[in-house]
Amino acid sequence: MESCRVPHHVLLLFILTFITVPVSAVTTVQVKFNQAADLPCKRKCSREAKWTLYSNGDDAVARCNQTSCRSVKKGFKMSHDQYLKGNLTLTITAADYSKRGLYICECDGTDINDLRLSIETMASSVQINPGEDLQLDLHVSERVEVIYKGGDSADPHGEQICTVDRSSLNCTAEYRPRTSLTNTVLTLRGVKLTDRGVYIIRDTENNEYLHIYAVSVRDQLPWWAIILTVAGLLLVVVLLVMILVYQRKRHPSS
């Protein structure tokens, strides 16, 4: 019965509460998607300070010297006034998935602080009608898996239904005919009642959970379908009445 099912928002909260986060020796700064983030670093430098995102190799994202500070990459900044006081904090103006990773703070050519930037797992509740398409934003296109956990599933970890690596989409036989990929959006066509549950987007390369969708499928007709159905029934009734009236006129009772 419907009343026996665990509500999807409760299941979503349960998964977010018990989701395991990989342990790292490097301090992690976690921030919400598209929000500003500060990476702290303190040292008095005589020549230059710079921040480097490790995934970019040796390319710095911001630099400061005794004269000024400059942003090498868009979306990063340092304060020259603070630099002169020994505060080398790097500000990321809007954190997105391309800015995740290990940041290295250097002072006069010496590595003095390493910090990892992580994006908080996003959570969404989605209500959808049977037959509509479900769209899941994967956020990244490299090494991602989609895990599905049904409301009545006994498996606490769910099952992997699709994997994505760049533009390559691979799904299980059950989902392959119904799925497609456009940029980073995975579409599941023709949703059925049995598709309700929790969909987890996991970055397998960085072992991070990107997005958790709690999807509920309405088991009743949408309002426009109800209106059309009622209108159709009324039309049938009117036609039957008109036929009866016509027949009575042609064959009046004696």
Side-chain angles (χ1 to χ4, degrees), residues 8-9 11-43 49-57 59-64 69-83 85-106 112-127 135-147 164 182-186 198-215:
H8 290 103
H9 66 278
L11 186 59
L12 176 61
L13 179 62
F14 179 84
I15 290 176
L16 281 173
T17 302
F18 290 95
I19 200 169
T20 55
V21 178
V23 177
S24 173
V26 178
T27 301
T28 297
V29 176
Q30 198 171 58
V31 64
K32 293 182 181 295
F33 177 75
N34 218 28
Q35 296 296 307
D38 287 333
L39 304 186
C41 184
K42 293 187 177 181
R43 182 70 61 89
K50 74 172 182 177
W51 279 91
T52 302
L53 177 57
Y54 182 73
S55 60
N56 287 344
D59 293 338
V61 297
R63 294 176 180 270
C64 277
C69 291
R70 65 187 181 95
S71 301
V72 183
K73 301 287 185 180
K74 185 178 180 180
F76 301 92
K77 65 180 182 180
M78 296 174 67
S79 167
H80 190 255
D81 289 340
Q82 294 301 313
Y83 163 81
K85 298 175 183 178
N87 184 348
L88 313 180
T89 295
L90 174 70
T91 298
I92 302 171
T93 56
D96 58 30
Y97 293 97
S98 68
K99 295 182 177 65
R100 292 179 304 161
L102 181 65
Y103 286 81
I104 301 170
C105 175
E106 295 183 30
I112 60 172
N113 197 16
D114 295 347
L115 293 170
R116 183 175 298 279
L117 180 70
S118 175
I119 307 294
E120 288 185 15
T121 303
M122 299 177 68
S124 302
S125 294
V126 180
Q127 264 199 336
Q135 293 188 327
L136 305 174
D137 192 346
L138 310 181
H139 302 289
V140 298
S141 59
E142 296 181 1
R143 296 185 177 88
V144 181
E145 70 173 349
V146 181
I147 302 169
V164 174
T182 304
N183 297 324
T184 61
V185 176
L186 178 72
V198 175
Y199 294 79
I200 302 171
I201 313 301
R202 177 175 171 268
D203 178 350
T204 57
E205 183 173 5
N206 296 290
N207 194 23
E208 291 183 359
Y209 294 89
L210 306 181
H211 206 137
I212 300 178
Y213 294 88
V215 178

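One is the number of the first residue; the rest follow in order along the sequence.
In this structure, Arg100 CZ and Ile119 CD1 are separated by 7.0 Å, a value rounded to the nearest 0.5 Å. Taken from OH in Tyr213 to CE in Met122, the straight-line distance is 7.0 Å, to the nearest 0.5 Å. Note that CZ of Arg63 and SG of Cys69 are 12.0 Å apart. Values are rounded to the nearest 0.5 Å. Atoms CG and CG, on Asp114 and Leu39 in that order, are 11.0 Å from each other to the nearest 0.5 Å. The NZ atom of Lys77 sits 8.5 Å away from the OG atom of Ser71 when rounded to the nearest 0.5 Å. Distance check: Cys41 SG to Tyr103 OH gives 14.0 Å after rounding to the nearest 0.5 Å.
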Which donor-acceptor pairs under 3.5 Å do the side chains of residues 85-95 make with protein atoms, sequence neighbours left out?
{"from": "Asn87", "atom 1": "OD1", "to": "Thr89", "atom 2": "N", "distance (Å)": "3.1"}
{"from": "Asn87", "atom 1": "OD1", "to": "Thr89", "atom 2": "OG1", "distance (Å)": "2.6"}
{"from": "Asn87", "atom 1": "ND2", "to": "Gln82", "atom 2": "OE1", "distance (Å)": "3.3"}
{"from": "Thr91", "atom 1": "OG1", "to": "Asp38", "atom 2": "OD1", "distance (Å)": "2.8"}
{"from": "Thr93", "atom 1": "OG1", "to": "Gly75", "atom 2": "O", "distance (Å)": "3.3"}

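What you find for Pro40 and Leu115 is that their closest heavy atoms are O-CD1, 3.4 Å. In terms of heavy atoms, Ser118 sits closest to Thr28 at CB-CG2, 3.7 Å. Between Lys99 and Leu117 the shortest heavy-atom distance is O-CD2, 3.3 Å.
Looking at residues two or more places apart in sequence or on another chain, you find a salt bridge (charged side-chain N to carboxylate O under 4.0 Å, His left out) between Lys32 and Glu120. Not counting sequence neighbours, the partners of Thr184 by the side chain to side chain contact (heavy atoms under 4.5 Å, CB included) test are Asp137, Ser141. By the ring pair (Phe, Tyr, Trp, His ring centres under 6.0 Å) test, Tyr199 is found to be paired with Tyr148, residues two or more places apart in sequence or in another chain being considered. Scanning for salt bridge (charged side-chain N to carboxylate O under 4.0 Å, His left out) contacts around Arg143 gives Glu205, with sequence neighbours left out. With sequence neighbours excluded, no residue forms a side chain to side chain donor-acceptor pair (under 3.5 Å) with Gln35. Partners of Asn113 under the side chain to side chain donor-acceptor pair (under 3.5 Å) rule, at least two apart in sequence or in another chain, do not exist in this structure. Residues forming a side chain to side chain donor-acceptor pair (under 3.5 Å) with Ser79 (at least two apart in sequence, or on another chain): none. Residues meeting the ring pair (Phe, Tyr, Trp, His ring centres under 6.0 Å) test with Tyr97, sequence neighbours left out: Phe33, His139. For Glu145, the side chain to side chain contact (heavy atoms under 4.5 Å, CB included) criterion is met by Ile147, Gln160, Thr163, Arg202, Thr204, not counting sequence neighbours.
For Thr52 (side chain) and Ile104 (main-chain N/O), no donor-acceptor pair under 3.5 Å exists by modelled atom type. The backbone N or O of Val185 sits nowhere less than 3.5 Å from a side-chain atom of Asn183 that would complete a donor-acceptor pair.
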Exercise for the section: May I have the step-by-step check of side chain to side chain contact (heavy atoms under 4.5 Å, CB included) for Ile212 and Ile200, ending in yes or no? Expected result: CA-CA 5 Å; Ile212 300 178; Ile200 302 171; 4.3 Å; yes
Exercise for the section: Would you check, one step at a time, whether the test side chain to side chain contact (heavy atoms under 4.5 Å, CB included) holds for Val29 with Arg116? Expected result: CA-CA 6 Å; Val29 176; Arg116 183 175 298 279; over 6 Å; no
Practice task
Mind running side-chain hydrogen bond (donor to acceptor under 3.5 Å, both in side chains) on Ser124 and His211 for me, showing each step along the way?
Solution key: CA-CA 8 Å; Ser124 302; His211 206 137; 2.7 Å; yes
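If you run side chain to side chain contact (heavy atoms under 4.5 Å, CB included) between Val164 and each of Leu138, Val140, Ile201, Val146, only Leu138 comes through.
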